Amino acid sequence: MNLVPTTLTAEERALQADVRAYLDERLAPGTYPLGLGMAGAVDADFSRDLGSQGWIGMALPAEYGGGGRTAVERQIVVEELLTRGAPVGFHWTADRQSGLNIFHNGTEEQRRELLPGISRGELSFAIGMSEPDAGSDLAAVRSRAVLEDGTWRIDGTKIWTSNATTATHLLCLFRTSEGRHDGLTQFIVPQGTPGMTIAPIPFIDGTRHFCEVSFDGVRLPDSARLGAVGAGWGQNTSELALERGGVDRWMSMMPLLEHWARSADVRDSVPAQIDLGRILARLWVYRGMSLSIARLVDSGVFPVVEAALVKEMATQFEQESLSLVRRHYGRTPALTSDDPWEALLAQAILVGPSWTLRGGTTEILRTVISKGLIKR
Ligand SMILES: Cc1cc2nc3c(=O)[nH]c(=O)nc-3n(C[C@H](O)[C@H](O)[C@H](O)COP(=O)(O)OP(=O)(O)OC[C@H]3O[C@@H](n4cnc5c(N)ncnc54)[C@H](O)[C@@H]3O)c2cc1C
């Protein structure tokens, strides 16, 4: 991994202090539903408030309504949100990846139409990549877009699409020709498009953010196409790098860890204090790695292998820290508990196994890492 500074500058610390002060007031304890990292609750009002602070779309250029700030500055805001288990579900995907994808690959019209709304926290995106027979092997996508009389006809099914019911737009990968990689193209599909049906799939913790999305003779104008015909695979891969290297990959447990670290469970137990020390040491390493990835992005480098490396290690860390907290808790937490922290721990135990799957499984990341290292 390239060596880059993993400490914050004085300006970056000032931003951190501003965000902390704002969130202390806006998210007073007990006033919002606690969430596990990026899978926080969907709260469009909160997203709009955050947008009005200039803390969504921070890395997008100012001429498109963005903040014109750095990836590191965005990470500072994100760290504060995830530590509090903030309700970030509405804007998360758009802020992390769709906005940048549209900026890099979209037409001028698409940029002007969509990027300001993303930065204001008014537009939200869901990602339609996976299909019933195309998960790890994403190039096996079969949902098809066919150009007929100047419009695209879409047929097929997407699955595991997070937050598809609440998103204002879906960014989907469809097959436009037979070439395995160069036969794929991305499209922006507005919510409510006729012929698109979204059916929630109940998740193990009772939430309904997961969806199956069917396209039955959907018609899209060519202006819905993102990037060149056949360029979808490359665009999608770049998006996945944004999805993999960030702090959201190791911060699902942060609210629970913070709460646990201050609890009697730790105060009164030397073994728990030793485990907390182990957790903190690793956490600091992953924080440094994510920060160095953000600094590389700011210097114009797109660190795909490093991002996969962070996700591979940090998602396993999430699982291990969950096991430790659970062991020290000493009893089975109830999802229906009146204590929101106990309910959150129960939820983490149920959904924790999914953390190594979303955004690419551990096995697939190891393949990306080894192929990438061989090339160097
Ligand atoms: C919480 C969550 C949110 C998600 N959100 C979205 C979303 O918003 N949009 C979206 O499009 N998708 C989403 N997904 C889907 C996710 O990207 C896929 O689940 C993931 O890529 C794995 O695909 P699969 O489920 O089809 O499993 P499969 O690809 O069938 O894999 C099954 C098992 O086989 C292993 N395996 C497969 N191929 C290989 C190989 N070549 N070498 C070694 N091992 C292999 C895998 O590692 C895994 O353990 C989400 C998933 C989760 C869990």
Side-chain angles (χ1 to χ4, degrees), residues 35-42 88-98 101 124-143 156-175 180-181 184 186-189 191 196 198-215 226 232-233 235-244 246 248-249 251-253 307-308 311-312 315-316 318-319 322 347-371:
L36 294 163
M38 60 183 145
V42 171
V88 295
F90 184 76
H91 67 267
W92 197 256
T93 304
D95 179 51
R96 179 181 61 189
Q97 62 195 80
S98 315
N101 188 354
S124 64
F125 275 71
I127 300 298
M129 295 182 293
S130 307
E131 297 185 1
D133 295 314
S136 300
D137 184 15
L138 190 59
V141 156
R142 281 202 301 216
S143 293
T157 302
K158 295 288 174 185
I159 199 163
W160 317 130
T161 320
S162 302
N163 293 333
T165 48
T166 48
T168 58
H169 295 77
L170 281 76
L171 211 164
C172 298
L173 188 66
F174 296 126
R175 180 155 294 289
R180 186 166 151 77
H181 291 125
L184 297 167
Q186 287 190 313
F187 289 83
I188 298 168
V189 190
Q191 183 72 261
M196 179 171 76
I198 302 179
I201 307 168
F203 205 37
I204 193 167
D205 61 349
T207 55
R208 296 172 71 81
H209 58 83
F210 247 177
C211 299
E212 180 173 291
V213 186
S214 326
F215 300 85
L226 181 66
W233 180 259
Q235 290 170 201
N236 211 88
T237 308
S238 307
E239 250 194 272
L240 280 171
L242 293 169
E243 195 179 330
R244 287 173 177 162
D248 36 2
R249 287 300 162 196
M251 290 193 77
S252 306
M253 279 295 293
K311 182 179 185 299
E312 195 272 346
T315 49
Q316 292 188 57
E318 286 190 320
Q319 311 264 6
L322 172 57
Q347 190 188 8
I349 292 167
L350 288 172
V351 306
S354 74
W355 295 338
T356 51
L357 301 178
R358 59 186 181 183
T361 66
T362 300
E363 291 75 17
I364 296 305
L365 294 167
R366 287 179 184 161
T367 308
V368 172
I369 295 162
S370 37
K371 280 185 180 165

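Heavy atoms only: backbone and side chains are in, while hydrogens, waters and symmetry mates are out. Just follow the structure's listing: the first ligand is 1, and inside any ligand the first atom is 1. Just so you know, residue 1 is the first one in the sequence shown, and it goes up from there. Source: prediction; values computed, not measured.
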Q: Might you point out which heavy atoms bring Thr166 and Phe90 nearest each other, and give the distance in Å?
A: O-CE1, 3.6 Å

Q. Looking at Glu363, which atoms of ligand 1 are within less than 4.0 Å of one of its heavy atoms?
A. 43 (C), 44 (N), 46 (C), 47 (O), 49 (O)

Q. From atom 30 (O) of ligand 1, is the closest protein heavy-atom distance below 4.0 Å?
A. no

Q) Hey, which atoms in ligand 1 end up nearer than 4.0 Å to a heavy atom of Ile127? A) 7 (C), 8 (O), 9 (N), 10 (C), 11 (O)

Q. Going by the angle between their ring planes, with limits at 30° and 60°, are Phe210 and Phe203 parallel, tilted or perpendicular?
A. perpendicular

Q. What protein heavy atom is closest to atom 41 (N) of ligand 1, reported as residue, atom name and distance in Å?
A. Ile364 CD1, 4.0 Å

Q) How about atom 6 (C) of ligand 1: does it have a protein heavy atom within less than 4.0 Å? A) yes

Q) Are the side chains of Thr165 and Arg208 in touch, meaning some heavy atoms are under 4.5 Å apart? A) no

Q) Quick one: does Trp355 get a heavy atom under 4.0 Å from ligand 1? A) no

Q) Just heavy atoms, cut-off under 4.0 Å: does Thr93 contact ligand 1 by side chain, backbone, both, or neither? A) neither

Q. Does atom 35 (C) of ligand 1 have a protein heavy-atom neighbour under 4.0 Å away?
A. no

Q | Thr361 neighbourhood, listing ligand 1 atoms whose heavy-atom distance to it stays under 4.0 Å | A | 22 (C), 46 (C), 47 (O)

(Q) Considering non-hydrogen atoms of the protein only, which is the closest contact for atom 28 (P) of ligand 1, and what is the distance? (A) Ser136 OG, 3.6 Å

**Q.** For Ser98 against Phe125, the heavy-atom pair lying closest together
**A.** OG-CB, 3.3 Å

Q.
Please find the pair of heavy atoms, one from Leu173 and one from Val141, that lie closest to each other, and give the distance.
A. O-CG1, 3.6 Å

Q: Heavy atoms only: give me the nearest Ser143-Thr157 pair and the separation to one decimal.
A: OG-N, 3.1 Å

Q) With a 4.5 Å heavy-atom cut-off, do Asp248 and Trp92 have their side chains touching? A) yes

